[in-house]
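Here's the structure we're looking at; comments come further down.
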Amino acid sequence: MLGNHRFFLFLLLVFLLSGISIGYAQQTNDTPDYYTEIEQLNGKRIGVQTGNDDWVEIVLADLPDAQISYYNTFADLAAALEAHKIDAFPIEEPAFRLMSATNDRIAMLDTPMGETYDISFMFPRTEAGQKLCAEIDEYLQRIIASGELDAIKDKWTAADEHTKTLPDYASFPAPKGTLVMVTEGEYAPFNYYRGSEVAGLEIDMAARFCEAFGYGLKIETMAYDGILPAIQSRRYDFAAAALNITDEHKESVYFSIPYYTCTTYLTVLKAPSAEGSSFLDSMKASFERTFMREGRWRLFAEGALNTMIITFLAVIFGTCTGFAAFMACRKGNAAANAITDFSIWLIQGTPTVVLLMILYYIIFGAFEINGLWVSVIAFSLIFGSSVFIMLKTGTGAVDRGQTEAAYALGFTEMHAFFTVILPQAAVHFMPTYKEAVANLIKATSIVGYIAVQDLTKMGDIVRSRTFEAFFPLIAVAVIYFVMAGAVNFAVGMIQNRITPSKRRRESILKGLDLEGAEIS
């Protein structure tokens with residue numbers, strides 16, 4: 001077994017080193033097209049952030065033959081551009097300036113696309129949402145008239161990060177209660193993570209508003225395309241994530257007056273210069289930006305902890321749920337079997353991310369339940385359905401004569417099941433159980449859709465600051481590999497304890513009266 005693990009680790013190392021070599025060779029040898037005019041991109045591949053349909057309209061207005069591809073974040077768009085998966089992507093000018101400060105391989109075309117558009121705060125279409133919208137409108141009108149808004153914009157669009165201070169909103173007195181704002185956390189200068197703190201122009205404005213109007217403030221982050229349904233389901237008091245005002249969205253949410261007018265430009269790959277840093281220097285700089293700057297290694301640690309919490313609790317609750325369902329069904333109870341079969345059919349037939357979003361936005365939409373606990377519930381149901389099937393299959397593999405022999409020895413039905421049948425069934429289903437636990441760890445990588453800061457989400461946050469794919473993605477992959485290995489080891493220890501062929505003779509015979517008996 002140890003030799004197999006070493007061989008697998010060797011193959012993984014070869015794979016990673018090969019990927020580095022191939023990636024470097026592509027960077028140095030590929031000769032992609034470099035664009036200087038918008039018209040050159042008609043018919044080309046244009047990437048757009050998922051959920052930002054306005055940009056699709058803007059792109060197609062100027063480039064009617066463009067091939068649109070959707071990506072979750074701007075870090076994904078930048079990585080796709082550098083990998084030559086797309087030829088350009090739209091972005092607002094202040095966001096590009098900060099992106100280009102950390103990524104010198106991209107350029108912005110000089111000509112803007114389409115018309116300018118406004119961004120603003122978003123509120124649920126409720127009486128409380130309308131009232132809060134009116135208060136923020138009053139505040140925005142005040143800071144626009146005084147020039148304070150321009151000062152806030154200048155501060156957050158500047159290059160010097162040291163001047164970008166935030167009010168200490170965690171310590172605000174809250175005579176009118178605490179507001180919960182949702183944002184993306186991956187789009188500087190509007191909203192982004194600075195270390196473990198969410199910062200940005202929109203967070204600054206929200207904090208100043210809350211201080212002026214007597215509110216406390218709590219910030220949560222989630223995927224951009226989940227913000228609109230989160231506001232529609234009234235899970236949050238308001239949202240700010242460079243949100244465009246559209247007529248269609250006005251039918252389901254409220255918007256404040258605009259606080260920023262944006263112009264869209266296309267980002268393309270920059271033609272390489274004759275001079276360039278060495279591969280080793282580039283790797284060192286990337287490592288420093290990914291892990292050391294702003295203490296970003298802490299984000300990976302926090303994300304890994306949240307992933308393990310979800311996995312551990314889902315395994316415990318899922319195992320208990322699956323076992324309870326099996327015990328209710330094993331004697332052939334028609335009602336219990338019908339309910340269980342329908343539930344398993346429904347859970348296993350629904351894509352995991354869809355199940356998560358249904359639980360978060362619909363079933364628990366009216367409750368103030370944290371996304372982490374919704375994730376635990378969702379994965380407990382998924383894992384529980386798998387445990388039920390494992391138990392059913394494992395016990396079905398045990399010869400019926402084992403039960404009859406137990407009855408002949410005077411065992412009760414329940415005693416026979418736990419003493420004779422279940423241990424033998426465990427030998428059959430434990431390998432599948434161990435694999436299901438490892439798969440569960442990897443399956444939790446989608447919980448970022450419902451505002452959970454798991455390992456994958458933290459990797460995305462780091463990529464949104466560095467706009468580099470290699471180190472964040474490799475770090476996430478390695479941490480998942482280590483966690484899955486640790487869990488497999490723990491479950492394997494349990495498996496060895498219950499597998500007769502792997503137990504010591506003394507432990508198997510412990511408690512038996514063997515006096516006078518011959519044991520060969």
Side-chain angles (χ1 to χ4, degrees), residues 26-27 30-117 119 156-159 184 186-192 200-201 224-225 241-244 260-273 276 286 289 460-470 472:
Q26 286 181 337
Q27 287 184 356
D30 281 1
T31 56
D33 293 328
Y34 299 101
Y35 305 97
T36 58
E37 303 292 339
I38 290 179
E39 292 75 15
Q40 296 172 336
L41 287 157
N42 197 24
K44 303 298 182 180
R45 302 162 300 174
I46 309 298
V48 176
Q49 186 183 28
T50 303
N52 209 328
D53 295 332
D54 288 347
W55 274 352
V56 176
E57 296 179 8
I58 291 172
V59 168
L60 293 178
D62 286 352
L63 305 172
D65 297 325
Q67 305 171 37
I68 304 296
S69 300
Y70 291 93
Y71 293 83
N72 288 333
T73 68
F74 279 90
D76 294 333
L77 288 165
L81 182 63
E82 292 186 56
H84 317 312
K85 306 296 184 184
I86 57 175
D87 298 295
F89 64 87
I91 194 173
E92 285 117 352
E93 187 270 339
F96 172 81
R97 280 196 279 118
L98 293 180
M99 181 188 292
S100 60
T102 58
N103 190 332
D104 59 2
R105 296 177 295 277
I106 59 175
M108 185 176 73
L109 299 186
D110 294 332
T111 307
M113 299 191 70
E115 300 178 353
T116 61
Y117 60 91
I119 61 176
W156 289 100
T157 55
E184 182 185 15
E186 299 182 37
Y187 193 45
F190 298 99
N191 54 83
Y192 62 97
L201 185 155
Y224 181 86
D225 55 347
L243 299 165
N244 305 353
Y260 209 106
T261 299
C262 293
T263 303
T264 303
Y265 292 84
L266 279 178
T267 301
V268 295
L269 204 61
K270 183 190 294 185
S273 59
S286 298
R289 284 195 296 268
D460 291 341
I461 287 170
V462 171
R463 288 196 299 124
S464 73
R465 296 288 285 134
T466 63
F467 293 102
E468 295 184 6
F470 178 77

Inset, instruction - Only counting residues at least two apart or in another chain, list the ones meeting salt bridge (charged side-chain N to carboxylate O under 4.0 Å, His left out) with Glu57. - result: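 With neighbours one apart ignored, the set is empty.
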Separation of [Y] [atom2] from [X] [atom1] (nearest 0.5 Å):
{"X": "Asn72", "Y": "Thr50", "atom1": "CG", "atom2": "OG1", "answer": "5.0 Å"}
{"X": "Ile119", "Y": "Glu92", "atom1": "CD1", "atom2": "CD", "answer": "6.0 Å"}
{"X": "Met108", "Y": "Glu93", "atom1": "CE", "atom2": "CD", "answer": "5.0 Å"}

For [X] against [Y], the heavy-atom pair lying closest together:
{"X": "Ala158", "Y": "Leu98", "answer": "O-CD2, 3.9 Å"}
{"X": "Val462", "Y": "Pro472", "answer": "CG1-CG, 4.1 Å"}
{"X": "Ser464", "Y": "Ala75", "answer": "N-CB, 3.7 Å"}
{"X": "Thr157", "Y": "Pro94", "answer": "CG2-CB, 3.9 Å"}
{"X": "Ile106", "Y": "Leu81", "answer": "CG2-CD2, 3.9 Å"}

Main-chain N/O of [Y] paired to [X] side chain as donor or acceptor, under 3.5 Å:
{"X": "Arg105", "Y": "Lys270", "result": "no"}
{"X": "Asp65", "Y": "Asn42", "result": "no"}
{"X": "Gln67", "Y": "Gly43", "result": "yes"}
{"X": "Arg463", "Y": "Thr73", "result": "no"}
{"X": "Gln40", "Y": "Glu37", "result": "yes"}

Kindly indicate whether the side chain of [X], heavy atoms from C-beta on, has any atom under 4.5 Å from the side chain of [Y].
{"X": "Leu109", "Y": "Leu41", "value": "yes"}
{"X": "Leu269", "Y": "Tyr34", "value": "yes"}
{"X": "Val48", "Y": "Ser69", "value": "no"}
{"X": "Cys262", "Y": "Thr116", "value": "no"}
{"X": "Val268", "Y": "Asp87", "value": "no"}
{"X": "Thr111", "Y": "Tyr265", "value": "no"}
{"X": "Ile86", "Y": "Ile46", "value": "no"}
{"X": "Leu60", "Y": "Ile68", "value": "yes"}

Inset, instruction - In sequence, state the C-alpha distance, the side-chain angles, and the governing distance for Thr264 and Ile91, and then conclude on side chain to side chain contact (heavy atoms under 4.5 Å, CB included). - result: CA-CA 6 Å; Thr264 303; Ile91 194 173; over 6 Å; no
Legend entry - Name of the residue among Phe190, Trp156, Tyr117 meeting ring-ring contact (aromatic ring centres under 6.0 Å, His included) with Tyr260: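 By the ring-ring contact (aromatic ring centres under 6.0 Å, His included) criterion, Tyr260 pairs with just one of Phe190, Trp156, Tyr117: Phe190.
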Inset, instruction - Please list, chain by chain and in numerical order, all residues satisfying side chain to side chain donor-acceptor pair (under 3.5 Å) with Asp54, sequence neighbours excluded. - result: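 Asn244.
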Legend entry - side-chain contact (heavy atoms from CB on, under 4.5 Å) partner of Leu266, chosen from Ile58, Asp62, Leu63: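 The side-chain contact (heavy atoms from CB on, under 4.5 Å) with Leu266 is passed solely by Leu63 among Ile58, Asp62, Leu63.
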Legend entry - Validation row, ring centre Tyr187 to ring centre Tyr192 under 6.0 Å: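 Ring centres of Tyr192 and Tyr187 not closer than 6.0 Å.
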Inset, instruction - Decide yes or no on side chain to side chain contact (heavy atoms under 4.5 Å, CB included) for Asn191 and Glu184, but give the supporting numbers first. - result: CA-CA 7 Å; Asn191 54 83; Glu184 182 185 15; 3.6 Å; yes
Inset, instruction - Ignoring hydrogens and angles, state whether a donor on the side chain of Glu186 or Gln49 is under 3.5 Å from an acceptor on the partner side chain. - result: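 There is no such pair between these side chains.
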Inset, instruction - Determine, stepwise, if the pair Trp55 / Phe74 fulfils ring-ring contact (aromatic ring centres under 6.0 Å, His included). - result: CA-CA 13 Å; Trp55 274 352; Phe74 279 90; 5.6 Å; yes
Inset, instruction - With ring-ring contact (aromatic ring centres under 6.0 Å, His included) as the test, would you mind laying out the steps for Phe89 and Tyr71 before giving the verdict? - result: CA-CA 10 Å; Phe89 64 87; Tyr71 293 83; 9.0 Å; no
